[in-house]
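Only one structure is covered here, and it is reproduced in the block below.
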Amino acid sequence: MKELLCINAIVCLLSLSACNEFLDKKQDIKMVVPLTIDDATHLLNDYGTMNMGYPIWGELGIDDYYVTKEVWESGMEDYRNAYIWADKPYIDVAQWQRPYKAVYYANQTIDILSKVDPQQDRTNFNRNLGMAHFFRAFAFQVLTEVHCLAYQPNTASADMGIPLRLSPGVDDKSTRATLQQTYDQILKDLKKAVQYLPMVESVRGRPSKAAAYGGLARAYLNMGDFNNAYQYADSCLQLRPELMDYNTLKATDESPIKQFNIEVLVPISSVSTGLMSGMNAIIAPELYNSYAPDDLRKGIFFKPNPNIVGTYLFKGGYNENSFELFMGITTSEIYLVKAETACRIGKISEALSAINTLRKSRWSKDVLYPAINENDPERLLKTVLEERRKELVFRGRRWSDLKRLNLDNRFKKTSSRQLGTEQYDLPAGDLRYAFRLSETLVKVGGIPQNIR
């Protein structure tokens, strides 16, 4: 019976039966023929599909938090296994389905726009085409960060990537591209997005050109291409340099950071966090204690845990709730990309400018801001990476950061979990950093499982 339910789930995935009203007008999805630029706009305006429901596999295993054994035992089996990096079969297919539904909508849009006269409405034609390429790249990158090994130029042409669905045909067979092909497609899509997206986007939820530059900076950082990551981070911040002044936020608020704030380049959120929710996830003491007393993030991000004295919970999400992770792109993240990559390529003054610009916006105005003045590249890089961890708490970046930094002997780390008397470890470079695919996909969809 359980296997039958799994098969039914994958059939639903492949047929995309959960489409919105626009696609539900006819029972057979292959009979629906959207034809116009307005049809493309309707597809991409589905916020629930394009901006929500992205996977948190991987992030469940980060070192920024822990849960009690009682909380862990109350979680769903897949979530429990992800928390301790258990190399067991996973059943949940939704965290694969949701981003590929966004990919399907993007592919539908690109297909529509290939058949219409762009001069009918050049502004919306360009915006929709740019959005479609952006969201396809974003979905591919999130899935790659979860299910693939860290990018290494010497092995990427052999390592497994993800299926690259580039057309709306639901009957096309899915095969896994190489990791190199996957990143090539992500970069290609984001560069198309840069070409077509507007400089300014007034509609919340839609990306602008700056968001595409930010996506490129993120992708190149994951690839270890620090020169390109620096250039695209700089291009992003030339268009959108805004940061919140944390002095204007109220640390006593339950959710001090508002959704759609000035730092958000594109708002994207995860599926339900489960074990990582604001009620369950206890912040790692080493992280909490790393904030200086006058660093306002300490009071804005965290609150005392009413159940365990001396521990803290997270409340500083950019979604303005405690049951989803913010996974979108923000200017604060891009300042950190610029600072790290500038440091790595020898642009020390630019690195200092970027990190101090961000950090000063987080510091209490009641004291003189203690600027970072470190000129030694090694020590400065260490400081920037520490700031990256402190800034991007529960923002969907830690898992990919651990994965890429484990390639560098200076920053390798073994992560550990303690549940009662049992300890679980995840060594640097472990194959489990490429999270297992759902067994449903492997058995029914014929997609190769990650190597163990």
Side-chain angles (χ1 to χ4, degrees), residues 10 13-14 54-55 57-58 87 90 93 95-104 106-107 110 132-194 212 215-229 232 396-397 399-408 428-452:
I10 195 66
L13 163 63
L14 296 177
Y54 286 80
W57 299 137
D87 201 21
Y90 290 80
V93 76
Q95 296 194 51
W96 180 273
Q97 175 213 1
R98 293 295 296 271
Y100 272 110
K101 184 179 176 185
V103 169
Y104 174 78
N107 288 336
I110 294 168
H133 283 287
F134 176 87
F135 279 111
R136 186 166 72 181
F138 191 93
F140 284 163
Q141 181 160 338
V142 170
L143 288 163
T144 300
E145 289 176 346
V146 173
H147 294 291
C148 301
L149 296 171
Y151 180 91
Q152 298 184 77
N154 59 329
T155 62
S157 294
D159 292 338
M160 283 195 289
I162 60 169
L164 298 175
R165 306 285 295 196
L166 303 179
S167 74
V170 296
D171 295 327
D172 296 346
K173 181 176 175 57
S174 290
T175 58
R176 293 185 73 166
T178 68
L179 189 57
Q180 185 64 57
Q181 291 169 333
T182 300
Y183 268 103
D184 287 346
Q185 184 61 49
I186 291 167
L187 297 176
K188 182 179 179 181
D189 274 333
L190 287 171
K191 289 174 182 178
K192 278 279 190 181
V194 166
L216 282 163
R218 184 186 274 189
Y220 277 118
L221 181 67
N222 280 350
M223 296 174 73
D225 185 340
F226 302 125
N227 282 290
N228 271 314
Y232 283 112
R397 305 313 307 145
W399 182 252
S400 61
D401 279 351
L402 287 168
K403 188 183 298 190
R404 69 182 179 87
L405 291 172
N406 279 335
L407 298 176
D408 189 328
D430 194 287
L431 291 174
R432 288 172 290 172
Y433 270 106
F435 200 87
R436 290 178 71 105
L437 305 185
S438 166
E439 291 304 306
T440 309
L441 294 167
V442 174
K443 291 179 180 178
V444 183
I447 301 175
Q449 183 60 275
N450 282 328
I451 297 171
R452 290 292 187 264

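Numbers for residues simply follow the sequence, beginning at 1. Every value quoted in this text rests on a predicted model; they were computed, and no experiment measured them.
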Nearest heavy-atom pair of L179 and T144: which atoms, and what distance? CD1-CG2, 3.7 Å
Could you check if a side-chain atom of L221 sits within less than 4.5 angstrom of a side-chain atom of R404, using non-hydrogen atoms only? yes
How far apart are the closest heavy atoms of V146 and W57, and which atoms are they? CG2-O, 3.4 Å
Distance check, rounded to the nearest 0.5 Å: L441 atom CG versus H147 atom NE2? 8.0 Å
Just wondering, do F140 and Y100 contact through their side chains at under 4.5 Å, heavy atoms? yes
What closest approach, in Å, do L431 and I451 show between heavy atoms, and which atom pair accounts for it? CD1-O, 3.8 Å
Taking C-beta and beyond as the side chain, do F134 and D189 meet within less than 4.5 Å on heavy atoms? no
So M223 and N228, do their side chains get closer than 4.5 Å, heavy atoms only? no
So do the side chains of T182 and C148 get within less than 4.5 Å of each other, counting heavy atoms only? no
Tell me the closest heavy-atom pair linking I447 and W96, and the distance in Å. CD1-CZ2, 4.3 Å
For P163, is there any backbone N or O sitting under 3.5 Å from a side-chain donor or acceptor partner on R176? no
What I'd like to find out is whether the side chain of R136 reaches to under 4.5 Å of the side chain of R165, using heavy atoms alone. no
Looking only at non-hydrogen atoms, find the nearest pair between L143 and Q95 and report the distance. CD2-O, 4.1 Å
Using 0.5 Å steps for rounding, measure from the CE atom of M160 to the OG1 atom of T178. 11.5 Å
Say you draw a straight line from CG of L149 to CZ of F435; how long is it, rounded to the nearest 0.5 Å? 14.0 Å
Using a 4.5 Å cut-off on heavy atoms from C-beta on, say whether the side chain of Y232 contacts that of V194. no
Do you know which two heavy atoms are closest between A434 and N450, and how far apart they sit? O-ND2, 3.4 Å
Rounded to the nearest 0.5 angstrom, the CG-CZ distance for L190 and F138 is 10.0 Å
Qualifying residue for side-chain hydrogen bond (donor to acceptor under 3.5 Å, both in side chains) with D184, from Q180, Q181, K188: Q180
Could you check R397, R218, K403 and say which one makes a side-chain hydrogen bond (donor to acceptor under 3.5 Å, both in side chains) with E145? R397
Could you tell me the separation between the CG atom of D159 and the OH atom of Y151, rounded to the nearest 0.5 Å? 10.0 Å
At what distance, to the nearest 0.5 angstrom, does NE2 of H133 lie from CG of N107? 9.5 Å
